[in-house]
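Just so we're on the same page: letters track the sequence lines, and every chain starts at 1.
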Amino acid sequence: MVRFVHTADWQLGMRRHFLTAGPQDRFSQDRLDAVAAIGRLAAEVGAAGILVAGDVFDDNQVDRQTVLRAIDVLRGFPDLPVLLLPGNHDPLDAGSVFRRPEFLDGCPPQVHVLTDHSPVEIAEGVEVVGAPWPVKRPVQNPALDVLSELGPTAGTRILLAHGGVDDVGGDFDQTGVLPLATLEAAVRDRRVSFVALGDRHSATEVGTTGRVWYPGAPEPTAYVEEDPGQALVIDVGPDRVDVERRQVGRWSFRQRVFDVGGTEDLASVLHWLDEPADKPHTIAKVALRGTLSLADRARLEAALDDAATTYAAVESWSRHEDLTPSPDQDDLDAMEVGGFVADAVTELRELATGSGEDAQAAGDALALLYRTVVRG
Amino acid sequence: MRLHRLTLRNVRGVEERTVDLAPDPSGSGTGVVIVEGLNEAGKSTLGDALDILLTYKDSSKHAEVRSLQTAGQDEPPEIEAELEVGDHRFTYTKRYLKRTSTTLSITAPRGDQLDGDAAHERVEGLLTDHLDVALWSSLRLRQAEGLAQAAPGDARGLATALSAVSDVSAIGDRELAILEQVQTTYEHYFTAKAGTPKPLLRDADARIEELAEELARIEDRRSTLEADVDRADRLARSLPKLRRQVAAAAEGAEEHATRRAEVTALAQEVDRRRGVEEQATTTLERLEERRSRRVALIEELAEVERGQQEQAAALATAETAQERETQRLTAARSALETAQGRLQAARQARERAQHDLDHLTQQERAAALRTRVERANAALERRREAEATCAELAVDDALLAELRQAQSEVTRTQAALDAASPRIRFTAGRPVHLVVDGEPLDLDQGEASSWSVTDALTLRIGDVGEVEVHAGTGSEEATDAHRLATERLRAGLAHGGVADLAAAEHAVRRRHDAERTLVEAERERETALEGQRAEELEEELDRLERAREHYLAARGSVTPLPDSIPAARAALETATAEERDADDAVADPTTEVEAARAALDRERATVIELTTRTNEAAGRRAAIGAELTDARAGSTDAELHGEVAAAETAQAAAHAEVTAAEAALADADPEAVNELADNAAAVAEDALDRLRTTEQDLRDTRVRITALGGDGLWEQREQVATELAHARTQRQGLQRRAKAARLLRDTLERHRGQARDRYAAPLREQLVAYGRMLHGPGFDVELDDDLRVARRHLDGLWLDVAQLSVGAREQLALLGRLACATLLGDQGGVLLFDDALGNTDPDRLERIGAVLRTAGQHAQVIVLTSYPDRYRHVGGATRISL
């Protein structure tokens with residue numbers, strides 16, 4: 001049995017458009033912290049090596065600072081083989097980040113960038129064969145070339161590869177997709193003992209052999225990811241494989257669409273917004289459908305304003321947003337308006353029940369009126 | 001509000017005055033009060049005092065307050081009013097400037113007493129609750145602002161009243177405040193007037209544009225970098241193949257180069273053998289040249305000697321011919337000279353004959369000319385004589401006629417005198433010497449003489465004595481006539497230079513003869529001159545004379561001068577014929593001379609040429625002989641022929657070797673070998689060039705990648721894209737809020753306008769009702785947003801207020817206030833008019849009286865005037881005289 005840590009998709013240098021400067025800085029730093037945690041995890045579990053299955057960097061053209069900070073973290077890793085596989089985000093092309101002077105000069109000796117198919121022995125009888133991406137969009141996944149060259153092995157051979165698998169759904173780049181059947185055939189034929197994949201950000205077991213895995217991203221990057229923020233501790237032997245998921249990240253994404261019709265519905269929205277314990281590391285997206293009185297809408301807006309401050313980011317899910325302000329008698333009583341203002345409210349109310357931008361503007365106008373009158 | 005009483009103390013010179021503004025008989029508190037008074041009677045002070053009382057605290061030192069003080073008086077001004085506001089009735093008193101005080105005594109609905117600021121504030125509260133102070137102030141119509149319309153548009157009291165009447169939502173303070181707040185929010189995004197977006201919105205657009213441009217720039221650089229990355233990968237992949245191509249091409253080039261070296265050696269052998277052959281050929285050619293030269297010299301020497309002999313013979317012949325031609329020329333020249341001598345003589349003879357003929361012809365002309373000159377001169381002489389005669393004779397035909405008439409008159413008067421005068425007849429008895437009037441007269445014996453005594457006559461008879469006879473007076477007239485006639489005759493004769501009439505007639509005849517001669521002589525002269533001047537003729541004649549003398553002197557006497565022109569002409573013909581014959585005789589000898597001279601020239605040239613050639617041939621022969629001698633000294637003729645034969649054999653052998661070597665080279669196909677070698681070398685060079693170019697390109701591309709790749713373009717792009725997304729989100733929010741603000745503001749404004757339009761209707765109706773009372777049924781008005789009259793309709797014509805007459809505008813100002821006050825009713829203030837209607841004509845005043853009366857039934861109307869007559873048509877008004 002050999003034990004190693006399987007991770008991928010660090011995508012260092014990634015930026016999220018919904019994050020403002022402060023949260024973005026936190027996000028970047030926490031991703032480096034998650035990588036550092038992986039190093040500590042490997043030491044803790046006595047791993048023979050750390051296998052990074054592609055997309056170490058978000059792009060070959062990341063900042064020099066990003067490279068240097070990554071190097072700095074790698075220097076803190078335990079003294080065991082760390083194999084970095086170029087993936088589709090950081091392929092080994094002429095502009096490869098792994099060929100940049102700041103990387104080559106600072107890279108610690110135990111860190112190896114897999115530039116070809118040559119096997120790397122991380123422990124006695126345990127070799128890792130990498131399938132680095134030579135370019136961003138290869139004709140086919142380089143792992144298929146590797147597999148076609150390999151014969152059965154008596155020892156332990158780990159294929160370190162990157163790309164989507166046709167059996168696994170998801171919104172991934174279809175370039176260089178790997179047929180699951182080919183992978184499983186290789187496992188069955190004992191050409192490989194374990195396929196350590198990267199690309200999918202959710203920790204996922206692929207197929208039925210138990211020997212094909214995605215570790216997911218060490219920190220989540222999008223709402224749709226399932227079970228991200230982990231690294232896998234793998235034990236591989238000729239007859240068995242043990243996989244342990246270990247949490248390394250701290251960020252979370254959450255999104256929800258609420259159907260609302262009154263104050264009670266609003267309360268559930270406010271509760272949902274208040275739920276997360278670690279709001280500064282949480283990114284939320286929310287949409288409301290239905291009607292709210294002007295008072296409720298004012299409360300909702302106040303709560304969203306507060307959340308925008310406490311959360312890393314709160315996005316409006318405009319695709320699902322369909323909220324109509326509906327002034328009720330309480331609103332009118334609260335505003336105490338009569339005369340031509342009351343006439344105007346009636347007209348805006350009518351307009352707001354329609355659709356499109358004018359309806360939205362009418363709703364906003366009513367909300368503005370409410371704020372003006374009630375809050376002054 | 002109702003004003004029941006107003007009392008002033010020590011105000012503007014009035015010690016104390018109370019005006020009871022008694023309510024109407026019905027007790028409703030409405031009605032019209034007309035306060036009359038002269039100017040300066042204090043009418044305006046009443047209105048001012050009420051304003052001051054309700055506005056300023058007793059402690060105020062405002063200029064209006066101070067204006068109440070009577071000049072030079074110490075007592076402070078005091079104002080007291082009895083008022084009804086809402087359901088409150090009270091007496092309100094203030095003393096200003098000194099010993100200030102305020103008291104309020106409320107009698108209804110409950111009695112109460114206050115003073116100081118509490119009293120002031122209580123009244124202020126009552127007024128605020130029940131009265132629109134601003135509107136009240138607006139409705140007051142002062143003398144100085146008689147044309148201005150009240151602007152009650154936003155007045156709360158009127159709005160309330162109007163909304164009550166029209167059953168339409170009023171524009172309350174709260175609603176207006178909301179609108180104001182919304183307007184403030186609106187102006188956060190848009191300009192107040194034009195409604196154009198403010199910098200806040202524009203800046204958001206600009207920021208997005210700026211970021212989008214920045215993003216595009218980064219994307220461009222990324223594209224460049226990615227293109228370079230692709231290029232570098234492609235170049236790197238192509239390198240191994242290029243290197244293989246270079247190696248293969250180099251190998252091929254080497255093989256071809258070896259083959260080319262072999263062919264080059266063959267070619268060099270051919271060149272060497274050609275050199276040997278060339279040398280042998282040169283030797284042979286040199287010997288053959290020497291041999292040819294030897295043969296040529298021998299032949300040339302023989303030729304020169306032969307030519308020398310021929311030239312000697314030819315020279316002898318030529319010299320003979322030259323001598324012969326010389327003699328021929330001499331003979332020809334002699335014959336020519338003879339002929340030319342004859343021609344010369346003949347030509348001279350012909351010329352002389354011609355000159356003789358010319359001379360004689362000229363002499364004939366000279367003779368004719370001389371005759372004509374003589375004729376002309378003779379005629380001229382005759383003319384001059386005739387002219388002298390004419391000049392000499394003073395009598396002409398006219399004078400002669402006068403003389404004849406004078407003579408006739410003398411004769412007639414003599415006869416008359418004789419008839420009238422005594423007549424003396426003396427008959428000499430012996431010879432006697434008489435002197436009659438001094439004239440002597442000798443008479444012989446028996447001879448008688450008689451005299452008429454016309455005047456007096458003295459007759460001396462010898463020494464006998466003197467008889468003096470006087471004619472007496474009877475013949476004086478005849479005597480005078482005769483004397484006058486005689487004197488005239490005498491004067492005429494004296495003028496004509498003649499003694500008597502006979503002499504005069506003779507002179508006239510001579511004159512006629514001379515005049516005829518004059519004419520004839522002139523005609524003769526002209527005939528002789530033939531149109532020329534006499535001087536010309538004489539000059540020509542003179543010239544001909546001189547020519548004759550000159551010719552005769554020069555001619556000599558070789559032959560005699562012919563005696564006539566025909567003889568001269570015959571001589572000329574003879575001489576001309578001789579000249580022609582002599583001329584003909586010259587032609588042949590001339591031809592002969594020329595032919596002989598040409599022949600001689602030819603022969604001379606031949607002799608010279610032959611002499612020269614003979615000399616040249618001699619020189620040539622000597623030179624050839626010397627050269628031949630020198631050549632034979634080197635090798636004899638036989639030796640030279642032997643050397644030539646040996647050289648020919650050597651050259652043939654060398655040529656055979658060259659042919660063999662060339663055949664070997666041709667078999668090797670050197671052209672193809674060279675072409676192939678060149679091509680292989682070029683291919684190798686091309687391959688190497690491609691490899692080097694590709695390597696250089698790869699290095700350059702990698703340099704660029706390194707340069708750009710280190711910039712972190714991806715993160716730059718992500719950062720700018722993030723900022724752009726934020727900017728867009730912010731702008732979207734901003735636009736959404738701005739749109740909401742605009743929609744809310746526009747909606748509120750529109751509803752406010754609509755509400756005002758609706759509740760303005762009662763005011764307009766009331767105004768129209770009053771206007772029709774004044775102007776009849778054709779009256780109508782339109783109100784603006786401030787509820788002021790904008791246009792007036794009358795007699796089928798709409799006019800803007802500004803277009804109306806002063807009087808019409810004054811009436812509209814009054815009607816508008818009355819309409820407002822009418823609608824306000826109990827909630828209105830006191831409607832105070834201070835000397836209004838100064839520009840309204842008397843007819844209208846009557847109708848205005850009716851309007852005031854009607855309005856007075858709804859509101860308290862106080863009219864302050866110095867012209868009570870203007871308001872005499874106000875029925876039921878209370879009139880107070882100050």
Where do Leu369(A) and Ile178(B) land on the side-chain contact (heavy atoms from CB on, under 4.5 Å) test, with the steps shown first?
CA-CA 8 Å; Leu369(A) 180 64; Ile178(B) 289 169; 3.7 Å; yes

Approximate separation, where rounding is to 0.5 Å, of Leu743(B) CG and Leu348(A) CG
5.0 Å

Which atoms of Thr185(B) approach chain A - backbone, side chain, both or neither, heavy atom under 4.5 Å
side chain

Could you note down all residue pairs passing ring-ring contact (aromatic ring centres under 6.0 Å, His included) where residues 298-326 of chain A supplies at least one of them, sequence neighbours left out?
Trp317(A)-His320(A)

Step through the shown structure and confirm whether more than 12 heavy atoms of other residues, nucleotides or ligands are within 6.0 Å of NZ on Lys198(B).
yes

Would you give the length of the straight line joining atom CD of Glu175(B) to atom CG of Asp343(A), rounded to the nearest 0.5 angstrom?
10.0 Å

Is it true that, when you exclude Glu350(A) itself, more than 12 heavy atoms of the residues, nucleotides or ligands shown sit nearer than 6.0 Å to its CD?
no

Bottom line for Val345(A): the part with an atom under 4.5 Å from chain B's heavy atoms is neither

CG-OH distance between Leu744(B) and Tyr370(A), expressed to the nearest 0.5 angstrom
15.0 Å

Kindly compute the distance separating OG1 (Thr747(B)) from CZ (Phe340(A)), expressed to the nearest 0.5 Å.
11.5 Å

Got a second to check how far Arg137(A)'s CZ is from Asp230(B)'s CG, nearest 0.5 Å?
11.5 Å

Pick whichever of Arg100(A), Gln24(A), Arg64(A) has the most heavy-atom pairs under 4.5 Å with chain B.
Arg100(A)

Can you tell me if CD on Gln696(B) sees more than 12 non-hydrogen neighbours from other groups inside 6.0 Å?
yes

Tell me, for Ala740(B) versus chain A, whether the close heavy atoms (under 4.5 Å) come from the side chain, the backbone, both or neither.
both

Strictly less than 4.5 Å between heavy atoms, which residues of residues 701-721 of chain B line up against chain A? Please order them by number.
Ile705(B), Gly709(B), Gly710(B), Asp711(B), Gly712(B), Leu713(B), Trp714(B), Glu715(B), Glu718(B), Gln719(B)

If one checks every heavy atom of Ala741(B) against chain A at 4.5 Å, the contacting part turns out to be both

Heavy-atom contact with chain B under 4.5 Å, split by part of Ser96(A)
neither

At under 4.5 Å between heavy atoms, what parts of residues 204-229 of chain B are in contact with chain A? List them by residue number.
Arg222(B), Leu225(B), Glu226(B), Val229(B)

Student check: side-chain heavy atoms of Leu19(A) and Thr722(B) closer than 4.5 Å:
no

Proximity breakdown for Gln65(A) and chain B, heavy-atom pairs closer than 4.5 Å
neither

Does the side chain of His726(B) come within less than 4.5 Å of Thr20(A)'s, by heavy atoms?
yes

Met14(A) portion near chain B, given a 4.5 angstrom heavy-atom threshold
neither

So which residue, Arg737(B), Arg750(B), Arg736(B), ends up with the most heavy-atom pairs under 4.5 Å with chain A?
Arg736(B)

Tell me whether the count of non-hydrogen atoms from other residues, nucleotides or ligands lying under 6.0 Å of CD in Glu180(B) goes above 12.
no

Apply side-chain contact (heavy atoms from CB on, under 4.5 Å) to Val341(A) and Leu179(B), showing your working.
CA-CA 8 Å; Val341(A) 178; Leu179(B) 179 56; 6.0 Å; no

Can you check whether anything in residues 356-367 of chain A gets within less than 4.5 Å of chain B, heavy-atom wise, and list it by number?
Glu357(A), Asp358(A), Gln360(A), Ala361(A), Ala362(A), Asp364(A), Ala365(A)

